[in-house]
Structure formats: C-alpha cells, structure tokens
Amino acid sequence: MIPSSTYRIQFRNGMTFDRVVALIPYMKDLGISHLYASPVFTATTDSTHGYDVTNPNEIDPAIGGREGFDRMAAALKQAEMGLILDIVPNHMSTSLENRWWRDVIEHGRHSRYATYFDIDWSRPLTLPFLGDTFEAELERGAITVKRDSVTNKAELVYYDTAYPLNPGTFAEDKSIAEIHEAQSWRLMSWREAPKLLSWRRFFEITGLVGVRVENEAVFADTHRLILELVHAGVVDGLRIDHVDGLADPLGYLQRLRAATGPDCYITVEKILAKGEQLPAEWPVSGTTGYEFIASLAEVLVDDNNLSRLETLHDETLGMTVDRHTELRKAKGLMTDRNFEGEFTTLLTIASELARRNDVAVQHEDIRHALRELLIAFPVYRTYGTAEGMTPSDVALLSRVVASVNTSEPALSLIVRILTGDLPEHDHAQASLFRTRFQQLTGPLMAKSVEDTLFFRHNLELALNEVGADPTPRAFSLSRFHQEMRIRLARQPDALLGTSTHDTKRGEDARARLYTLTEVPDLWGENLARWRQMNQTQVRFLNDGTAPNAADTWMIYQALAGVWPATLSPDDRDGLKSLEERFLGFIEKALREAKQRTDWIDSNEDYESVVLDYVRHLLSPDNTLFLRDFSAALQPFIRAGLMNSLSQTVIKLTAPGVPDIYQGSEGLNFSLVDPDNRREPDFTALAENLSTTDCNIFNDAQRWRDGSVKQYVTATLLRIRPHYPALFRYGDWLPLKVTGEREENLIVYARLHEEEALIVAVPRLVFDVTDNAALWANTTVAIPQALAGKHYRDLFTGERRLLPETLDLTSEKGCLLVLLTCE
C-alpha cells in the first residue's frame, strides 16, 4: 500500500511508544496516513538516534520494548494508520553490548558470527578505542586484567570496557602485554583507525561496523524480526538506511522484496547527483527525497543575482573562491587522511593484480591513477557485481576516465579491474576491488561534500544541503518543471522530504536564506554594518584573525537563518536558548570545515575566540547590534515565510508521498544535528491545529508562530486520500504565465482523467509587501483539458468556473490551489 503521507518521529531522548500513542489523534487530524518511525531496535545504552543497533531482533526496552511497540501498533490500527520502520542493514554497533560483536572478539575467526561482519581476517582484528597507544595506556595503568564477576573469565579492562580474552590465552605468569599479543585482536589508539582498521566502518565512525548482509544467513539473522512484523501486517513499509553502503544493493533489495512480498512500501536513503536517476531495476518505490529538496531550492533562489552575491562573498573574504577547486581539495583530504586505510586496501589489490598480470606500471603510478579516479567520481557509486559492471556504469566510468589526467597504463589497469576484464583466476580479487571501490566512493563523496565543502564554502548556506549539487549550474523555472515530470515518470511513489534528521538546516531556515539571493547588495550592507558593530571582539592569533572573514560570513548568515520569527531582541531567555543551540552548531561547523580546527586535532585557541565572538553577538547587553539585526532581518523573515508556504504547497501536490518531519508542519528553523533532532512542542501544535480556519492568513502573528503553515499542510494532507489516483498518477502540466509577475509564479496542474488540481504559488517575493502585488497584471493560460470545469479553492472554499484565460490580478490570497468539484 502506498501511503498518502508520512510523519517522521524520532524515538529516544524521551520519546517512547506510549508517548506516540498519545500523539496519534493529532497526526490523524493533521491528515497523516502512516507513522514513519526512526530505528526502534535495541541500540547502545543511551543511544540518541538508534542507528547503533546492538540487537536487530529485539525492540529496544529503552523506548518501551515489544509490549510498548505492540500498544502503539494497535493504536495505529485502530486509527486506520499504517507504520513504516527505518531499518539499518549496513552496520551495527561496536559496543560490547552487541553480543555478536563481543563473540567475534572473544573467539576470533572461530566465532559463529565471524562472517557476519565485514572483517579482513588476514590480520588481527583491530580495536581502535584507546585514547593513546597501547603501550602508553599500559604504562599509565589504564589497562588491567580482571575476572568477570559472573563468568569468572579473565578480561582485558580499559576503564569501563572489558574485552573478552580468546580461550586458552590467559595465564597468571604472563604479562598484560604478552596476553594482549596472544589475542586475535589488537587494541590501539583511535587515531590509528583511518590507516590500520581491519574492518569496514560506516563512513569514518569506528563505533559502527559494516555487516555482510549480502550473505544469505546474515540477511536471515538480521531481518528475522523485521520480516515477522511485515508478515503479521504490523509494519506496512520499510525505509532502508544507507543502501549505498551495501556490497550489492540490488541483490539486497531483490532479496528483501522477495521476503516481504509485493505490497510492502520500500524506500531507500540514496543521494542522487543532479540528473542521476535511481536504477530502474531496483524493486522499490523510490528514494527518501533529498533530490526533491535540491529541486525546491533551485526554483526558489534568484539565479540572476547569485553571481552578485558571489562577488560580495569574494570581496568579503579578499579572495576568489572556486568551488570546483575546493571540491577537489576536500576529496583529496578525505582520500589521503580520513579514508587512508580504505584507499591503501584498494591500492594493494590493484598492485597485486598488476604483478600477476605482468602489467608494467609503477606502484606510484597506480596510486596516483586510483587517487585521481576517486577524486573525479561524480556520483556516490556504481553498482557492479561479481559478474562485472552494468552497461550504464561502464558508460559512466568511461566519462570519468576521460576527465582524469594521469598515467594511461595505470588508469587502464584500474578500469580493467573494475569492468572484470581480467583472466578468470583473477576474478575474485577483481570483484573484491570492485566492491571495496564502490563502498568507498559513497562515503568519500558524503564526507567531502556534505561534511567538508558545505562547511567551507558558505556563499549561500541554503544551497549547502544533503543531496545538493556541490558545483551548481544555472537554475530555472523550466528545469524545475522538467525535474517534476521526470520524478512522475521515474519514482512517483518516492518520499517528498523537506526536512530530515540529517538535513543541515530546517526547511524554514532554508526558505528564509533563499531570499538573500534576491537582494545581495542589501545583505552585503547589513553584513558590513554588523561586522563593524562587533569588530572589537575580533582577535589576532598566531595563525591569523579570529574569526576570519569566511567564518564571519558564515556566522551571520547562519544566525539569520536560525533566528526565531517571534524572537524579540529584548527577550533574554529567548536569546539564551538560541545561544546554547547556536554555539553547538558553530563548534561543529568550524571542525567540519577542517581548516583552522578539526575533529582530529582541535585548535582550542581559535575555537574559543570564535565562540566568545558568538556569545557576544547574542548577549542581551549587545543591545545596539541585536536591535539592528532584528530590525534588518524583518523583510527577510516576511519573504522567507512566503517561500515556506510555496515549498510546502509544492511538496504536498508534487509527484510522490509527502513526508512531514516531526514538527515541520509548523516552522522548523533547526540547525545541523543534534539540533534538528530536538522534540517539537506537540501540545502547542495540537492546540493550534484545533483553533485554525481560513481567516488565519490575515493574522501576522499566526504566520510567525507557524500556524499558517500548519493550516496549509493540514488542508492539503486531508484532501490527498480522497484523490489517490490524481496525486499518484496525475500528469504534471506546467501552465504558461504571462504578465508582470510571470517570473515570480510557479504554476502547474495535476490531471488524471476528469480530476484536476491547479496550483499557483509565488517565488522571489522580497519586494512584495501585500498579497495583491503577488498577482498583479498577470494571467495564466488554461489548457482545453482544464478549462470549462468547476473548481473549488481549497483555502477559501470559493467555487468558480475557469475560462481559457485565468486573470490573477483579482486574487486576494497568497496561494491558489484549485481542485475540480465533484
């Protein structure tokens, strides 16, 4: 069953199954058809997200256990709502609470779970969880040998963690070093992980170990409870986390589809590059919608002014920033440092295959060619299998190879390995190389773009979002319409996301920041004035100015995006609350940029000065700045709220399934995680929903507290279940707009048989101060298939007969959504 809409709830951090039971009436009233739950299986103690699973076959007692889950499922059934679970096939936690992982440590390759995890058993299992080297920690007495109080087995203890010893390796007369050396595993410093790790991690997180779900027995063991819940009719759909991390995504999805049956709704978390499509053979309904966020961003920014904003940005920094160059630098850093071990593994395999096939090429040439190919790779991954690569992947690889400037023999060797053009006795090694290469390009892209470049290059923060193009091209209305038609053709049942637990900032923060592109000079004037007001807080350190110009640009723009629409500059409590959230974001942003400071080696001097600068900005005593900032921000707030409604209406009427991230039916000005995982005020949301009507559009305060957005969301969500064919199959028809506002309106129709929906929403509205000006002297050509029918305005209730030309001049509202009358 395809949902008409989903509502994402983040469990943990106080959110339990029983608390969700109390929220079901609200979600039902909002118009939601399916609850979309974050991972609910048992995770590490005090997990804040649930992706660090320790037992995939148990519902986490921390959030209510199986009994609480069953109560929630029963309440959903009673409300005639469905349930979608977020599942994590790619990895599990390396906490010793994970009994499978603990067994592997204790028994090594003889463990029954030794093949469950993606481990290189040609060397000892590396455990990079020490604060320093083994020798240093041993010398300071941090490592001891003790016996477990229950089993009486000897264990190597490091602070609160006790590592089980291999059977028969403990003896009273052995030193701790000798006992350690006798194990099938080696404890080491966390700093050694990027270079020496003997197992696949999730991205660069050593707390998460890769699972070999391509193994049939492993699949069965990790999906036992999941499939039980699907077959019992308790769970209606699954969201697959990080599908690109798997050795064989297609094979996994085919196995999952065969196990669940044809009716289970399945989506995949998959980042599509601009123009890239989901493989047609994948038996899923589509992605979770990051590419939709990118489409919305591009239609709501002013492409004509981006170059002016870029000029101001470069002038502020005192240098020209080339994003292509910056992307290459970021990918080079990730390849050489953060993923050094994964790169070395590939290099070793390639060099061995060169030797065995008498390919006359130097080791350094192979290294350079491999590095250049990884850096040039434009998408997250290809999908080759043990049999080789698909024709489309071969074509992609050929295009990438043509753009790489490196040693031809070395590059040809790597291409032969990837495509399987080697003797049969080398196919196994070539297949291993192909798999590891494909499992590296995704994390490499994610960490280079999302978690490095998008914190370095801050021209327009709203465009630095998960799934966005790191080197964007020209945007246009026509391209947006084309992308929606492609979406209808390729994945009409995919999720339509605008905020998630992983987005860099909430959808309303982005909606506001889009407006900077409409008035770059005004933004530049504001920024220069604010910097001058706070210039006394700038410090000069040995490594340069703090904060430097690039970080200052980022700070003020980020603050403009997160500033609550209702916050007064005199509200001390409100400022304190914002400061706590904003300081966490700034620290993360500085470290993710990996320039003046880093997660690996933090620059405390620089960080402390920048954080003090931010504290000064938000100090209630900084009255002159706060009042100026708040006043100057008001037109951006107003235009941002209008952008917010436009993107909301598009999301709720576009091809796909609208996904409402918890609380985002109201305003979401969140920052990057963990800020975006805070629980919304559900009590206020429920109260607002019960006290709204169409007159709400005339109340300025209800715009600012999110009630208008919530009303629009509920109005359209409630309609969708009554017109399933229209929203699922309806054609996407761009309508021709003529007149004064033709570049400022997004107008389209959805048409299926006799049912039709016509939508007109504004864009680029910074210069508009009243609704009448939104539509001034503008007409829409109504095609013959739509004209001559009676329509109902979904927000005013007005009924009208549409002629072949719709004159918008007399429209009084800020949105126009017309649905054919029954």
Side-chain angles (χ1 to χ4, degrees), residues 296 299-304 476-478 480-481 484 511-512 514-515 517-519 635-654 694-700 702-703 708-709 711-713 715-716 732-751 756-783 786-821:
L296 284 176
V299 81
L300 292 174
V301 299
D302 190 343
D303 188 42
N304 295 325
S476 69
L477 267 171
S478 59
F480 171 74
H481 286 303
M484 292 304 100
R512 183 186 297 167
Y514 297 149
T515 68
T517 65
E518 299 184 58
V519 284
F636 294 94
I637 290 175
R638 187 192 66 247
L641 290 171
M642 193 65 254
N643 274 346
S644 169
L645 286 198
S646 293
Q647 73 178 1
T648 297
V649 170
I650 294 171
K651 177 171 88 168
L652 298 174
T653 57
C694 63
N695 294 319
I696 198 172
F697 289 102
N698 300 318
D699 187 337
R702 302 304 293 277
W703 278 79
V708 170
K709 183 186 176 190
Y711 174 73
V712 168
T713 300
T715 299
L716 295 176
W732 179 281
L733 302 175
L735 300 186
K736 182 174 178 54
V737 184
T738 306
E740 185 178 323
R741 304 291 296 176
E742 63 184 60
E743 289 299 316
N744 302 91
L745 294 174
I746 305 168
V747 188
Y748 56 90
R750 300 293 307 278
L751 175 64
L757 183 81
I758 296 176
V759 176
V761 295
R763 65 189 285 264
L764 310 182
V765 296
F766 194 90
D767 62 338
V768 178
T769 55
D770 64 86
N771 287 345
L774 289 171
W775 318 99
N777 303 315
T778 306
T779 61
V780 177
I782 304 298
L786 299 172
K789 294 183 177 183
H790 285 89
Y791 291 82
R792 176 168 58 93
D793 187 315
L794 293 183
F795 297 117
T796 68
E798 174 192 353
R799 293 174 182 263
R800 61 173 81 177
L801 177 67
L802 279 197
E804 292 184 356
T805 299
L806 174 60
D807 188 348
L808 297 176
T809 305
S810 60
E811 294 297 328
K812 296 180 177 60
C814 55
L815 305 168
L816 183 63
V817 182
L818 305 175
L819 180 66
T820 45
C821 297

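Fair warning: this is a prediction, and the values are worked out from it, not measured in the lab.
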Grab the two heavy atoms, one from Val768 and one from Ala773, that are nearest each other, plus how far apart they are. CG1-CB, 3.8 Å
Inter-residue atom distance Thr796.OG1 - Leu818.CG, 0.5 Å rounding: 8.5 Å
Donor-acceptor pair, Thr820 side chain versus Ala756 backbone, under 3.5 Å? yes
Is a side-chain N or O of Asn744 found less than 3.5 angstrom from the main chain of Leu764, in a donor-acceptor match? yes
Counting only heavy atoms not in Glu804, do more than 12 fall under 6.0 Å of its CD? no
Where the side chain of Arg763 meets the backbone of Glu743, is there a donor-acceptor pair that is under 3.5 Å apart? yes
About how many Å separate CZ of Arg750 and CD1 of Ile758, when rounded to the nearest 0.5 Å? 13.0 Å
Nearest-0.5 Å distance that lies between atom CD in Glu742 and atom OG1 in Thr778: 7.5 Å
Residue pair Ser646 / Leu300: nearest heavy atoms and the distance that separates them: CB-CD2, 4.5 Å
Does a side-chain heavy-atom distance below 4.5 Å link Pro783 with Leu735? yes
Going by heavy atoms in the side chains, are Tyr711 and Leu645 under 4.5 Å from each other? no
Might you work through the side-chain contact (heavy atoms from CB on, under 4.5 Å) test for Tyr514 and Val299, ending with a clear yes or no? CA-CA 10 Å; Tyr514 297 149; Val299 81; over 6 Å; no
Please round to the nearest 0.5 Å and tell me the distance separating atom NZ of Lys651 and atom CG of Leu296. 9.0 Å
Would you check if Asn643 and Arg512 make a side-chain contact, meaning some heavy-atom pair closer than 4.5 Å? no
For a 4.5 angstrom cut-off between non-hydrogen side-chain atoms, does Trp703 reach Cys814? yes
Is there side-chain contact between Asp793 and Arg800, with heavy atoms separated by less than 4.5 Å? yes
Is there side-chain contact between Leu808 and Arg741, with heavy atoms separated by less than 4.5 Å? no
Please step through side-chain contact (heavy atoms from CB on, under 4.5 Å) for the pair Leu786 and Leu751, ending with a clear verdict. CA-CA 8 Å; Leu786 299 172; Leu751 175 64; 4.0 Å; yes
Which atoms form the tightest heavy-atom contact between Leu745 and Pro762, and what is the distance? CD2-CA, 3.9 Å
Side-chain contact, heavy-atom cut-off 4.5 Å: Trp775 with Thr809? no
Output for pair (Leu716 CG, Leu815 CG), nearest 0.5 Å, gives 8.5 Å
Please report the closest heavy-atom contact between Ala511 and Ser644, naming both atoms and the distance. CB-N, 3.7 Å
In Å and rounded to the nearest 0.5 Å, what is the CG to CG distance from Leu757 to Leu652? 10.5 Å
Keeping Asp807 on the side-chain end and Ser810 on the backbone end, is there a donor-acceptor pair under 3.5 Å? no
Plane angle bin for Phe480 and Trp732 - parallel if under 30°, tilted between 30 and 60°, otherwise perpendicular: perpendicular
Nearest heavy-atom contact between Glu740 and Ala776 is CB-O, 3.3 Å
Using atom types as modelled and distance alone, determine if a side-chain donor or acceptor of Glu518 lies under 3.5 Å from a backbone N or O of Val765. yes
Contact between His481 and Ile746 at the side-chain level, heavy atoms closer than 4.5 Å - yes or no? yes
Heavy-atom pair of closest approach, residues Gly797 and Arg792: O-CG, 3.9 Å
